[in-house]
Amino acid sequence: MPVQLMKIIKGQSETPLPSHLQKENLQHLKEGCDHTNKYVQGVVTLSYPLTKLRDGTDFFKIVLQDSDNLFSQINSINVLIYGKMAEDCAKIIRRGETFIVAGFKVIKLPTVREDGRHGCHLEVSEEAGSAIYVFLYECLNNFFFYSLNCIIPFQSVAPKYVYTPLNHLKDGTIVNLYGIVKFFKPPYVSKGTDYCSVVTLVDPSNVKLTCTLFNGNLDSLPKIYKVGDIVRFHRIKIREYNGQMQGITSAGFASLTFDGTVGAPVVPRTSSKVYTFMDEEQKTIEELRIWAASNISISGPAARLSGVQPMLFFDLTCQLVGKAKVDGSSFLLKVWDGTKCPYPTWKVPVEAKDLEGEKVLLHQLRNLAVDILVYDNHVQLAESLKIGSFLRIYSIHTKQASADNEDVSHIEFHLHGGTCYGRGIGVLPESNPDVKELKAFLESVDLADSQNMENTCSMDLDSTFGNVTDLELDLQRCQQLSVTVLTDHQDLSNTELKTITNSTAPQQYRIRAKLRTYKPQKLHQSVKLHCSKCNSLQEVPYGDDFDFILHGSANTAPNPELHNTSWYESVTWTTQDQKQREIAIHFVKHDEMLQHPEDTLLMIEGGTLKEIWKLTKRFKCVIPVRSTEDDLELLDLSAPFLLQGNVKYYGCKQCSTPKPIKNLSSIAAEQRPSWEPTEVAQVLGIELLQYVFIMKFTLVDETGALNAYLFDYEKFFQIPASEILTNSFLQQKMQMTMNTLCPPGRKLGDLPWLECFIRSYNVRDATKNQVYYQIFDTTVAEDVV
DNA sequence: TTAGGATTCG
């Protein structure tokens, strides 16, 4: 039977392939060579509908990807199937299935392909004596294919488009192109009849192109949300203007926009109902993302209201909760992002009847929402915005000002007229990842708590200790509630700071004080690695160090004798770039079976930082290793010995005594292997370094001041120190917590109280004895986090 | 046609 189905059990085919057949690598396929006893194996990444040729012969085309050489430049080939075989295959073949073909004819293509596909195609038919084997169950290679390419490309049969690199553009032509957004103005109302959007692109030729796009329909302009997004333009007209090439919309202009983040799903944003998008295009996007990652300067973390500073311009992602017409040339938008601006903010006076929005919500959010006044050309767009929609407002200006009846200055938010620097308003869809994150955050905000904050935040009274007015009583009552709570020893009574600094160490105290300042102000600098055995502290290594070690270890080729043991299954391949890097992945088994990727621990040899990062997204744990003569071993301990989720786990160089890798098999044999980092570290002889926050708090009360150290794994902030470096949500949470504990721009009297336990201890060196203080058994109050 | 990147009146 020419088309045969193969059943896979435990990664093995139930019926073996004919023994005379040998596997052929894609790169060895050449027209005119003898491939009689060879077979080609791959995963079907694309299949086209069954069609009939002019002579009535059935015709079926698929694209096969060589899953053993995923990282190579050429790793896929077209297979053209004719006659009865075409009909049979069309019935059973689905993308993702493993496909083997023997008895094929290799035909060289007339032109060189630039899309990563083989320069030849395979022709297959019953008449030619071909045989096809289709695997019914995902085998190991297939499993691996899914792991690295979980994005299924769109399927479509369409004419091929030719895309022009930006350094090959000619005046007066209409072209198709790809580019990475370097600058953009979100669509705005032009002085003519259309919306206008200006977009500057760059591509790997390093040439820039500024495009001016017009359309009467807002939806027909590219949906660009940030610098770094990738666009595909079809039918854009190229003209020379002021000595430079310029793009401008022509009839039939169409665009797709993609998130430019490496690893993000490749989903086009477009208003067109019909568009072409195939696996080559997906590959282009992925390649552009990788180029952009090292060639385009990415902006820092998105600004939040809690992080605004006076006198600057910033982009804000927020939700619209109210709007009002102010006068002919300005319009008010009330927005929030769940965080609190640390400065007093202005309120634009408008008549209640002019304010559109949910009254109850507006009242609840009165301390969190801010007023943004938009001017001139932005008014028309602002008027059309729907309450509740998610916006990104670009280049908002924060202006410091004070009114006659205020002692202290407040912050005003303006969106000035004009479109300089991309100033404008964009509406984000709910599917946008930033909106999803924002929504989740907004839902977590306790509105009752934010209302309690109003007295402490919107007033700025000159309250010195002991000088009490009615208003101040109010304020102090509000501040009686400490922003920290004690987790033990509640029976202890408070001690004044002066008493503590006048006493000998060691002792323990309960204190009530205010946080005047803290270090480091850049919170990410507070994260260190701590060894509980030798008590040493070290900086968290940069990714570059890891990359360097990986490069070094890639020089050691995987030792084939160490592959496929009783407790792991191995896959290897060689990259087809100049380096010919050999990569091996060892999937640790449980009960002689491969686990689901999300439960699987794997070891990798020869991988790059990017490949390892990609694997951690899909698999439970990744351990980078290298081969020795008789076992796998861990890399240098300057590199993480284990990667799990976003966290890199390191071992202490002084205290670790690495043990054989095969000790991992004892965990694999457990009933439900959990692969806890502590357990993995233990069997591998690694002394696990713990992520810890180290901060210096300057605490004051009516009697004096002292510096106390905070040494916290998780308890104080209720944020695991291990996760903060890779989680912007947690960074945000920590910044908000610190803004609550020590609100910027506030006088001492208006700072909140902190209740803490501190212990004093002596540190002696050759010349003197110094007393230090450390905070313990204290946590940030629940309503603060 | 409009805009053709390159911050701020309010």
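Reminder, nothing fancy here: chain letters follow the sequence lines and each chain counts from 1.
With hydrogens and angles left out, the side chain of A/Ser330 and the base of B/dG10 share no donor-acceptor pair within 3.5 Å.
You'll find that the side chain of A/Thr212 is closest to B/dG4, out of B/dG5, B/dT2, B/dG4. When distances are taken from the side chain of A/Arg423 to each of B/dT7, B/dG4, B/dA3, the shortest belongs to B/dT7. Which of B/dT8, B/dG4, B/dG10 sits closest to the side chain of A/Asp376 comes down to B/dG10. Nearest nucleotide to the side chain of A/Lys191, out of B/dT7, B/dT2, B/dG4: B/dT2. Distances were taken from every side-chain heavy atom of A/His416 (C-beta onward) to each of B/dT7, B/dG10, B/dG4; the shortest belongs to B/dG10. The listed nucleotides are B/dT2, B/dT8, B/dG5; the one nearest the side chain of A/Thr210 is B/dG5. The listed nucleotides are B/dT2, B/dA6, B/dT8; the one nearest the side chain of A/His397 is B/dT8. Comparing B/dT8, B/dT1, B/dA3 by their nearest atom to the side chain of A/Cys420 picks out B/dT8. Closest to the A/Gln246 side chain, of the nucleotides B/dG4, B/dT2, B/dG5, is B/dG4.
Counted by atom type alone, A/Thr698 and A/Thr517 present zero donor-acceptor pairs between their side chains at under 3.5 Å. In summary, the side chains of A/Arg235 and A/Ser250 do not present any donor paired with an acceptor at a separation below 3.5 Å, with no hydrogens or angles considered. Checked by atom type, the side-chain pair A/Lys617/A/Asn646 shows a donor-acceptor distance below 3.5 Å.
Checking A/Phe258, A/Tyr163, A/Trp291 one by one against A/Tyr178, the ring-ring contact (aromatic ring centres under 6.0 Å, His included) holds for a single residue, A/Tyr163.
The CZ atom of A/Phe413 sits 17 Å away from the P atom of B/dG10 (whole-angstrom rounding). What separates NZ of A/Lys208 from P of B/dA6 is a distance of 12 Å, to the nearest Å. With rounding to whole Å, A/Tyr241 atom OH is found 11 Å from B/dT2 atom P. Taking atom CG of A/Leu213 as the reference point, atom P of B/dG4 lies 11 Å away to the nearest angstrom. A/Asp371 places its CG atom 17 Å from the P atom of B/dG10, with the value rounded to the nearest Å. Atoms CE (A/Met245) and P (B/dA3) sit 23 Å apart, rounded to a whole Å. Here the C1' atom of nucleotide B/dC9 and the NE2 atom of A/His378 are 14 Å apart, to the nearest Å. One can place OH of A/Tyr394 at 17 Å from P of B/dA6, the figure rounded to the nearest angstrom.
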Report all side-chain donor-acceptor pairs from residues 414-421 of chain A shorter than 3.5 Å, counting only partners two or more places apart or in another chain.
unit_1: A/His414; atom_1: ND1; unit_2: A/Tyr375; atom_2: OH; d: 3.0
unit_1: A/His414; atom_1: NE2; unit_2: A/Glu412; atom_2: OE1; d: 2.7
unit_1: A/His416; atom_1: NE2; unit_2: A/His397; atom_2: ND1; d: 2.9
unit_1: A/Thr419; atom_1: OG1; unit_2: A/Lys185; atom_2: NZ; d: 2.7

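Heavy atoms of A/Asp327 sit nowhere under 4.0 angstrom from any nucleic acid atom. Here A/Gly418 lies out of heavy-atom contact (under 4.0 Å) with every strand. Residue contacts shown for A/Ile248 include a base, since a base heavy atom lies under 4.0 Å away.
In terms of position along DNA chain B, the nucleotide closest to A/Lys185 lies nearer the 5' end than the nucleotide closest to the other residue of the pair A/Lys185 and A/His414.
The side chain of A/Lys399 contributes no N or O atom lying less than 4.0 Å from OP1 or OP2 of B/dC9.
Between A/Tyr195 and A/Phe214, the gap from one ring centroid to the other reaches at least 6.0 Å.
Stacking between A/Phe214 and the base of B/dA3 is absent under the criterion of ring centres within 5.5 Å and planes under 30 degrees. Taking the 5.5 Å centre cut-off and the 30° plane limit, the aromatic side chain of A/Tyr421 is not classed as stacked on B/dG5. Stacking of the aromatic ring of A/Phe313 onto the base of B/dT7 is found: the ring centres lie under 5.5 Å apart and the planes are inclined by under 30°.
A/Phe441 carries A/Arg304 over the face of its six-membered ring, with the cationic atom under 6.0 Å from the centre and within 45° of the normal.
Distance check on atom C1': B/dG4 versus B/dT8 gives 23 Å, rounded to whole Å.
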